[in-house]
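Remarks on the structure that follows.
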Amino acid sequence: VAAAAFDYGFLLRISEDARRGEALNEYLSSRSYLAGYGPSQADDEAFALLRGPPHQQHVHALRWYRHIAALQPQMNGQATDTSTKGKRMQPPWCPPDGTELPKLRLYNSLTRTKEVFVPQHGNRVLWYCCGPTVYDASHMGHARSYISFDILRRILMNYFKYDVFYCMNITDIDDKIIKRARQNHLLEQYRAKKPSASQILQDVLTAREPFQAKLAETTDPDKKQMLERLDTAVTAALTPLQGAIKSGTADAAIQSQAQVLLDEAKDLLSDWLDSQFGCQVTENSIFSLLPKYWEEEYHKDMDALNVLPPDVLTRVSEYVPEIVEFVKKIVDNGYGYESNGSVYFDTAKFGASSGHSYAKLVPEAVGDQKALQEGEGDLSISADRLSEKRSQNDFALWKASKPGEPSWESPWGKGRPGWHIECSAMAGSILGASMDIHGGGFDLRFPHHDNELAQSEAYFENNHWVRYFLHTGHLTIAGCKMSKSLKNFITIKDALAKHTARQLRLAFLMHSWKDTLDYSNNTMESAIQYEKFMNEFFLNVKDILRTPTDITGQFEKWEAEEIELNKSFYEKKEAVHEALCDNIDTRTALEEIRALVGQSNAYVAARKAAKLLPNRMLLQSIAQYLTDMFKTFGAIEGTEPIGFPVGKNGQNTDVSLWPYLIIRVMALSLPVRDAVTEVLQLCDAVRDDILPELGVRLEDHEGLRTVVKLVDRETLLKEREEKKKVINAMAKQAKMKIPPSEMFRSETDKYSSFDDTGFPTHDAEGKEISKGQTKKLRKLYEAQEKLYNEYLQSNQNGS
């Protein structure tokens with residue numbers, strides 16, 4: 001800055017460096033502050049007043065400061081010659097302000113709010129998930145949890161790029177398993193004895209007494225409804241058998257009715273048999289066969305649902321020694337006590353100790369005896385067992401085995417693990433003193449997960465065994481919770497018989513993972529329509545990419561339409577990212593994807609209307625992004641770069657189809673004068689009859705090339721049948737509109753004369769129509785008259 005022009009005296013009056021930089025920036029913003037190529041004495045003196053560079057936001061002052069600082073050696077070593085030109089220098093560069101990226105937040109049940117997700121060890125995520133108790137078929141309630149966690153796990157791994165280590169357990173020792181194994185064993189023994197019809201009748205009537213007493217005592221509405229359904233079914237089978245025995249019906253018929261009763265009453269009969277003889281079942285193998293079978297079925301179901309297997313799977317039966325050691329340390333730490341061979345957790349002492357808190361997840365549930373007893377198990381809530389505890393809020397770590405229960409050696413005598421301790425010991429063994437994520441169903445929060453937290457923190461003497469607790473919402477049928485114990489469930493196999501694994505997954509993706517999902521026809525229809533919408537887009541893009549072009553022809557000039565669509569593409573990608581950061585909100589992500597596809601479809605339609613090809617590279621980029629997202633969600637398997645796999649195992653059928661397509665294209669491209677009717681009919685037959693059987697849909701558009709779409713054969717055949725129904729309905733509708741007086745008049749090749757009602761009297765050659773022919777035509781005439789009257793009536797009703 002020229003010395004005469006640079007009045008820096010105002011800087012002397014300012015003491016604060018920040019304010020001095022701001023004032024200097026304001027002063028320099030309206031002046032040329034480099035006189036020639038060297039600084040003036042005024043520059044040097046003003047520079048000396050500053051203790052450091054101004055803030056980046058003061059661009060003019062910062063640029064001046066850096067320029068003077070760069071020339072300081074020159075200024076200190078020799079007098080500045082302002083008349084001599086120095087070397088030009090690059091102007092200073094400032095980085096852009098940028099925008100703050102959204103952070104991943106997860107709904108943490110420990111705080112009941114969305115928390116920023118911060119793993120404990122860099123990028124590594126330690127995750128434990130409660131697995132199934134394997135005593136029956138897996139149902140859609142289980143699928144709700146395992147598909148939802150599979151989606152979350154895949155997104156954390158494949159989208160957010162975390163290194164996830166996923167551990168899950170199999171509960172194969174539990175009160176439910178023990179009771180069901182005994183019941184099945186005793187019922188099989190009962191059947192093997194081939195009891196007489198009168199014996200079956202007597203035993204069912206005996207078993208029904210305690211069952212009906214239980215029904216009368218039940219207050220839970222869902223459970224009561226389940227028991228009433230069972231009682232109604234037993235009554236319906238009892239009455240015919242009692243009548244047959246009383247009337248002296250043949251033995252064969254009576255025995256047949258007895259078997260029907262046995263099938264209907266098997267649940268209450270097996271429960272009664274267990275109460276009578278369960279304590280006599282002592283063979284441990286009886287208790288291992290049942291969970292082994294159902295675990296295998298569970299894994300098959302998960303594979304069919306495309307649920308990734310865990311990195312580590314733990315079974316309770318394989319961790320009994322570790323569980324015993326875990327319980328011992330809790331006792332040694334002062335939080336457990338032995339009573340009659342069982343060991344209980346002292347909730348009062350734990351809650352009162354420094355640094356610990358009992359029931360972190362659902363503190364308001366403490367004292368809920370119904371929930372606590374359900375957590376203890378049906379075999380562990382007898383009066384003598386409950387009296388062993390110091391407090392009714394205490395829970396079993398180790399249970400002394402009673403007759404008819406499996407047992408293992410321990411310092412407290414023969415027994416078996418409590419339910420809650422199993423997860424703590426197995427998760428602790430694999431993941432250590434603290435994990436990043438623990439997952440499970442919403443109904444496990446209390447007492448199971450609260451008890452897990454308490455006993456694990458008692459063992460490790462910390463207060464952070466779990467950093468983030470994730471709970472999936474319930475799955476309901478018509479508003480009722482799906483449950484094995486309520487016999488209100490749809491097995492995964494039954495669900496997969498009606499819908500594909502992708503459709504089920506899409507249904508879950510279209511709802512929040514932590515909220516209740518109602519499994520209904522409407523829910524599944526929405527998923528099916530979404531799948532169809534996406535599939536049509538992928539098929540259209542694939543067809544566009546098949547259009548022949550050379551390498552350079554792929555890169556077309558972008559006009560305003562392409563620029564606008566690309567802008568929307570990036571906006572939607574940002575919106576999807578924001579949705580996934582917001583508690584992995586797949587519902588919103590799918591809606592943003594739907595909007596992007598809608599915009600892409602509108603772009604393609606506009607280009608076709610203008611007889612122009614869409615920009616293939618842009619559509620390919622969009623389709624590949626969407627494919628990658630659905631692969632991330634677990635809704636697409638395989639290596640296809642675009643869209644859903646087609647055919648069995650996603651095999652590519654393009655090559656085998658080209659002979660049909662080439663011949664048809666050649667035929668349709670012939671000049672009209674050369675294209676005989678038969679050839680055109682054959683082309684239609686190829687399109688409508690042959691290619692659908694091969695999984696190909698052709699869509700002809702006037703003035704444009706035929707669109708080729710590879711689709712599952714079953715889908716196309718279903719579409720063809722639906723199309724036939726529509727065509728037939730339209731034909732019937734058109735026929736109804738024809739008055740009977742007009743139906744024969746158009747057939748001039750058959751008839752030449754008609755009476756006043758339009759009924760034909762003479763054939764095309766002028767001969768009078770025979771009586772036999774007249775009779776046939778009269779029937780047709782009357783049928784048409786009936787149709788036409790229906791048409792008139794419907795119009796009248798409509799108006």
Practice prompt. Measure across Ile151 and Phe633 and return the closest heavy-atom pair with its distance rounded to 0.1 Å.
Written response: CG1-O, 3.8 Å

Discussion item. Listing request: all side-chain hydrogen bond (donor to acceptor under 3.5 Å, both in side chains) pairs with a residue in residues 617-633, at least two apart in sequence or in separate chains.
Written reply: none

Discussion item. Once side chain to side chain donor-acceptor pair (under 3.5 Å) is applied, do any residues pair with Lys514, and if so which ones, sequence neighbours excluded?
Written reply: none

Worksheet item: Is it true that the side chains of Tyr358 and Asn451 contain a donor and an acceptor less than 3.5 Å apart?
Response: yes

Item to complete: Find out whether Ile437 and Tyr128 are in side-chain contact, i.e. whether some heavy atom of one side chain is under 4.5 Å from a heavy atom of the other.
Response: no

Worksheet item: Does Lys161 make a cation-pi contact with Tyr159 (under 6.0 Å, within 45 degrees of the axis)?
Response: no

Discussion item. Ignoring hydrogens, what is the shortest heavy-atom contact between Arg112 and Glu364? Give both atom names and the distance.
Written reply: NH2-OE2, 3.0 Å

Discussion item. Between Thr523 and His511, is there a side-chain heavy-atom distance shorter than 4.5 Å?
Written reply: yes

Worksheet item: Around atom CG of Asp97, are there more than 12 heavy atoms of other residues, nucleotides or ligands at under 6.0 Å?
Response: no

Fill in: Trp513 and Leu152, any side-chain heavy atoms less than 4.5 Å apart
yes

Worksheet item: So, the side chain of Arg505 versus the backbone of Asn306: is there a donor-acceptor pair under 3.5 Å, distance only?
Response: yes

Worksheet item: Counting distance only, does the side-chain N/O of His55 pair as donor-acceptor with the main-chain N or O of Gln57 below 3.5 Å?
Response: yes

Worksheet entry | Donor-acceptor contact below 3.5 Å, side chain Glu562 vs main chain Glu559 | yes

Practice prompt. Kindly determine whether Ile584 and Leu156 satisfy side-chain contact (heavy atoms from CB on, under 4.5 Å), including the steps that lead there.
Written response: CA-CA 9 Å; Ile584 310 187; Leu156 258 63; 3.4 Å; yes

Worksheet item: Out of curiosity, Leu545 CG to Asp543 CG, how far, rounded to the nearest 0.5 Å?
Response: 9.0 Å

Worksheet entry | Any residue meeting ring-ring contact (aromatic ring centres under 6.0 Å, His included) with His448, in chain and number order, not counting sequence neighbours | Trp419, His420

Worksheet entry | Aromatic centroids of His471 and Tyr107 separated by under 6.0 Å | no

Worksheet, complete the sentence: Closest non-hydrogen atoms of Ala623 and Val541, given as atom of the first, atom of the second and distance, are CB-CG1, 3.8 Å

Discussion item. What's the separation between atom CG in Leu49 and atom CG in Leu24, rounded to the nearest 0.5 Å?
Written reply: 9.5 Å

Discussion item. Let me confirm one number: the CG-CG distance from Asp450 to Leu361, rounded to the nearest 0.5 Å.
Written reply: 4.5 Å

Practice prompt. Identify, with sequence neighbours excluded, every residue that meets ring-ring contact (aromatic ring centres under 6.0 Å, His included) alongside Tyr468.
Written response: Phe117

Worksheet, complete the sentence: Across all chains, not counting sequence neighbours, the side chain to side chain donor-acceptor pair (under 3.5 Å) partners of Glu571 are none

Discussion item. Taking Lys114's backbone N and O only, do any of them form a donor-acceptor pair with Asn108's side chain (distance below 3.5 Å, no angle check)?
Written reply: no

Discussion item. If I compare all heavy atoms of Leu110 with all of Arg467, which pair ends up nearest, and what's the gap?
Written reply: CD1-O, 3.7 Å

Worksheet item: How about Glu115 and Thr111: does a side-chain donor come under 3.5 Å of a side-chain acceptor?
Response: yes

Fill in: Check: Arg105 side chain, Asn583 main-chain N or O, donor-acceptor pair, under 3.5 Å
no

Item to complete: Find the distance between OG (Ser145) and CZ (Phe508) and round it off to the nearest 0.5 Å.
Response: 9.5 Å

Item to complete: Taking the side chain as every heavy atom from C-beta outward, state whether Leu626 and Ile642 have any atom pair closer than 4.5 Å.
Response: no

Worksheet item: Considering all heavy atoms of both residues, which atom of Ile622 and which atom of Ser600 are nearest to each other, and what is their separation?
Response: CD1-OG, 3.7 Å

Discussion item. Please check: side-chain N/O of Arg63 versus main-chain N/O of Pro92, any donor-acceptor pairing under 3.5 Å?
Written reply: no

Worksheet item: Got a sec, which residues hit ring-ring contact (aromatic ring centres under 6.0 Å, His included) with Tyr65, two or more places apart in sequence or on another chain?
Response: Phe47

Worksheet item: Would His356 and Phe350 count as a close aromatic pair, with their ring centres under 6.0 Å?
Response: yes

Worksheet item: So, Asp163 side chain and Asn123 main chain: donor-acceptor pair closer than 3.5 Å or not?
Response: no

Worksheet item: For Ala458, does its backbone N or O pair with a side-chain atom of Asn333 as donor and acceptor, under 3.5 Å?
Response: yes

Item to complete: Quick one: pull up CG in Leu539 and CD1 in Ile544 and give me the separation to the nearest 0.5 Å.
Response: 11.0 Å

Worksheet item: So, does Asn462 use its side chain to make a donor-acceptor pair with the main chain of Ala433 at under 3.5 Å?
Response: yes

Worksheet item: Any side-chain heavy-atom pair from Leu308 and Arg154 closer than 4.5 angstrom?
Response: yes

Item to complete: Please assess Arg616 against Thr547 for the test side-chain contact (heavy atoms from CB on, under 4.5 Å), listing each intermediate value before the final yes or no.
Response: CA-CA 9 Å; Arg616 59 194 293 147; Thr547 306; 4.0 Å; yes

Worksheet item: How many angstroms lie between SG in Cys581 and CG in Leu104, if you round to the nearest 0.5 Å?
Response: 6.0 Å

Worksheet item: Side-chain contact, heavy-atom cut-off 4.5 Å: Cys167 with Asp311?
Response: no

Practice prompt. Could you point out which residue of His121, Glu457, Gln120 forms a side chain to side chain donor-acceptor pair (under 3.5 Å) with Ser434?
Written response: Gln120

Item to complete: Report the C-alpha separation of Cys129 and Tyr166 in whole Å, then their side-chain angles, then the decisive distance to 0.1 Å, and conclude whether the side-chain contact (heavy atoms from CB on, under 4.5 Å) test is met.
Response: CA-CA 8 Å; Cys129 184; Tyr166 195 84; 3.3 Å; yes

Fill in: For the student: nearest non-hydrogen atoms of Leu62 and Cys94, plus distance
CD2-SG, 4.4 Å

Worksheet entry | Under 3.5 Å: donor-acceptor pair, side chain of Asn540, backbone of Glu536 | yes

Worksheet item: Do Trp558 and Asn566 have side-chain heavy atoms sitting under 4.5 Å apart?
Response: yes

Worksheet item: What's the verdict on salt bridge (Lys or Arg N to Asp or Glu O under 4.0 Å) for Glu564 and Lys567, showing C-alpha distance, side-chain angles and the deciding distance?
Response: CA-CA 5 Å; Glu564 183 62 29; Lys567 180 185 175 185; 5.1 Å; no

Worksheet item: Is Lys329 atom NZ crowded by more than 12 heavy atoms from other residues, nucleotides or ligands, each under 6.0 Å away?
Response: yes

Item to complete: Could you go through the side-chain contact (heavy atoms from CB on, under 4.5 Å) check for Arg607 and Asn615 one step at a time?
Response: CA-CA 9 Å; Arg607 298 291 288 180; Asn615 187 293; over 6 Å; no

Practice prompt. May I ask you to establish whether Arg124 and Tyr162 are in a cation-pi arrangement, using a distance under 6.0 Å from NZ or CZ to the six-membered ring centre and at most 45° from the ring axis?
Written response: no

Discussion item. Are Ser424 and Trp465 packed together at the side-chain level, in the sense that at least one heavy-atom pair is separated by less than 4.5 angstrom?
Written reply: yes

Worksheet entry | His58-Glu26 side chain donor-acceptor pair, cut-off 3.5 Å | no

